[in-house]
Amino acid sequence: MYYANPNIRSHSQVRQTDYSILVTGDGTVSVEPNQAVVTLGVITEDSNLQKAQRENAESTNNIIQALLQENIPRHHIQTYDYRMDIQYDYDEGIQIFRGYRVTNLLEVIIEPIDKVGLIIDTAVDYGANTVRNIQLTVANQDRYYLEALQKAVENTQIKASIIAQELGVSISSIPYSLKEISRREESESRPVVLGVSTDSPITPIEPGRLAIKAKVEAEFRY
């Protein structure tokens with residue numbers, strides 16, 4: 001007796017494979033930064049480690065107190081890097097002890113952004129001799145990123161629609177699948193060269209604008 005296998009289907013029962021359009025979408029929102037993150041601090045060198053460390057600690061404490069006097073909240077001041085290194089000179093391949101270097105860097109969040117120049121100058125006046133960078137950011141970035149994400153999704157719909165028209169097919173405006181690819185804030189890091197303190201005007205810092213970007217990948221089937 002013959003029994004039919006229920007798992008075997010005729011070719012007429014097999015559904016035709018779906019075709020798909022795969023596109024990426026980009027969205028950008030331009031915003032004016034409303035805060036800055038500045039890395040600054042003190043580097044001291046001496047042949048005596050205790051002396052280098054003591055001088056560094058005194059200058060760093062003076063900077064912190066000065067920043068607090070400028071109404072920078074204490075929780076907006078934190079240690080970014082602290083280390084002690086041995087310094088050497090080299091003479092014809094021979095290593096010669098030169099002294100010690102103590103580095104203490106602080107990361108300072110500054111709001112509003114128009115105080116950046118004043119805070120840098122204040123820190124220099126109270127002992128800072130290095131400023132690593134100034135990163136301009138927005139405090140409420142998530143809000144703007146969601147706007148950029150919405151634009152990225154709309155961008156995929158536009159691209160897919162154009163491709164479908166060229167192919168002469170119809171697709172749904174709702175993607176079959178959607179994947180967030182990346183999230184990035186285009187922030188600016190700016191080097192600052194320190195010189196001799198003078199009675200010159202406050203260090204000018206121009207905030208400009210930031211581009212907050214989002215990217216997605218979407219699949220539309222037809």
Side-chain angles (χ1 to χ4, degrees), residues 33-142 182-208 210-212:
N34 56 19
Q35 72 174 16
V37 180
V38 180
T39 304
L40 55 83
V42 182
I43 298 175
T44 53
E45 295 183 356
D46 199 277
S47 59
N48 183 285
L49 177 58
Q50 286 74 24
K51 183 179 179 182
Q53 189 177 14
R54 183 171 59 254
E55 290 178 355
N56 190 291
E58 290 176 356
S59 295
T60 302
N61 285 329
N62 289 338
I63 293 169
I64 292 173
Q65 293 304 314
L67 296 181
L68 294 175
Q69 289 295 319
E70 292 294 338
N71 296 319
I72 300 294
R74 186 173 288 274
H75 65 275
H76 281 185
I77 306 170
Q78 67 177 19
T79 299
Y80 175 81
D81 185 25
Y82 182 85
R83 65 179 184 270
M84 294 177 284
D85 301 303
I86 301 176
Q87 304 294 301
Y88 295 99
D89 289 326
Y90 293 88
D91 184 11
E92 297 181 354
I94 300 175
Q95 183 174 276
I96 303 172
F97 173 76
R98 179 161 57 101
Y100 297 94
R101 170 181 287 185
V102 180
T103 302
N104 194 347
L105 300 179
L106 303 173
E107 187 175 80
V108 184
I109 299 175
I110 303 172
E111 295 174 334
I113 204 167
D114 57 11
K115 291 183 62 177
V116 174
L118 171 64
I119 296 303
I120 290 175
D121 292 345
T122 299
V124 172
D125 289 340
Y126 282 85
N129 57 11
T130 182
V131 178
R132 293 295 171 86
N133 63 68
I134 302 172
Q135 186 179 24
L136 306 178
T137 66
V138 285
N140 49 347
Q141 183 184 344
D142 285 346
S182 65
R183 170 178 181 170
R184 180 179 59 170
E185 175 189 352
E186 292 294 328
S187 56
E188 300 180 20
S189 295
R190 305 181 182 182
V192 177
V193 179
L194 302 182
V196 179
S197 180
T198 65
D199 293 330
S200 61
I202 294 173
T203 300
I205 301 295
E206 295 298 327
L210 301 178
I212 297 179

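Model, not experiment: these values are computed from the prediction.
- Within the 4.5 Å cutoff, the side chain of V131 has heavy atoms near those of the V38 side chain.
- The shortest heavy-atom contact between V138 and P33 is CG1-CA, 3.8 Å.
- For the atom pair L106 CG and I72 CD1, the distance stands at 12.0 Å (nearest 0.5 Å).
- Between L105 and T130 there is a side-chain heavy-atom pair separated by less than 4.5 Å.
- No side-chain heavy atom of M84 sits less than 4.5 Å from a side-chain heavy atom of R101.
- Between V116 and I110, the closest side-chain pair of non-hydrogen atoms falls below 4.5 Å.
- Using modelled atom types and a 3.5 Å distance limit, the side chains of E55 and T44 yield no donor-acceptor pair.
- Between L136 and I134 the shortest side-chain heavy-atom distance falls below 4.5 Å.
- The distance from the OG1 atom of T122 to the CD atom of E70 is 4.5 Å, given to the nearest 0.5 Å.
- A 4.5 Å side-chain heavy-atom check between L40 and I63 finds at least one atom pair inside the cut-off.
- Residue V102 is tested with T60, L49, I43 for a side-chain contact (heavy atoms from CB on, under 4.5 Å); the sole match is L49.
- Contact annotation: the side chain of D46 approaches that of K51 to within less than 4.5 Å [non-hydrogen atoms, C-beta and beyond].
- In this structure, N34 contributes its side chain and A139 its backbone to a donor-acceptor pair below 3.5 Å.
- Distance check: I64 CD1 to Y126 OH gives 14.0 Å after rounding to the nearest 0.5 Å.
- The side-chain hydrogen bond (donor to acceptor under 3.5 Å, both in side chains) contacts involving residues 107-117 comprise Q78-E107, where partners must be two or more places apart or lie in separate chains.
- With sequence neighbours left out, the ring pair (Phe, Tyr, Trp, His ring centres under 6.0 Å) criterion links F97 to Y100.
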request  = Take V108 and V37, measure what side chain to side chain contact (heavy atoms under 4.5 Å, CB included) needs, and give me the verdict at the end.
outcome  = CA-CA 6 Å; V108 184; V37 180; over 6 Å; no

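- Residue pairs meeting the side-chain hydrogen bond (donor to acceptor under 3.5 Å, both in side chains) criterion with at least one partner in residues 85-94, sequence neighbours excluded, are R83-D85, Q87-R98, D89-R98, Y90-Q95.
- Contact of the N104 side chain with the T79 side chain is registered, since non-hydrogen atoms from C-beta on lie closer than 4.5 Å.
- Atom-to-atom distance recorded for R132:CZ and T103:OG1 is 6.5 Å, nearest 0.5 angstrom.
- Not a single donor-acceptor pair under 3.5 Å links the side chain of N56 to the backbone N or O of A52.
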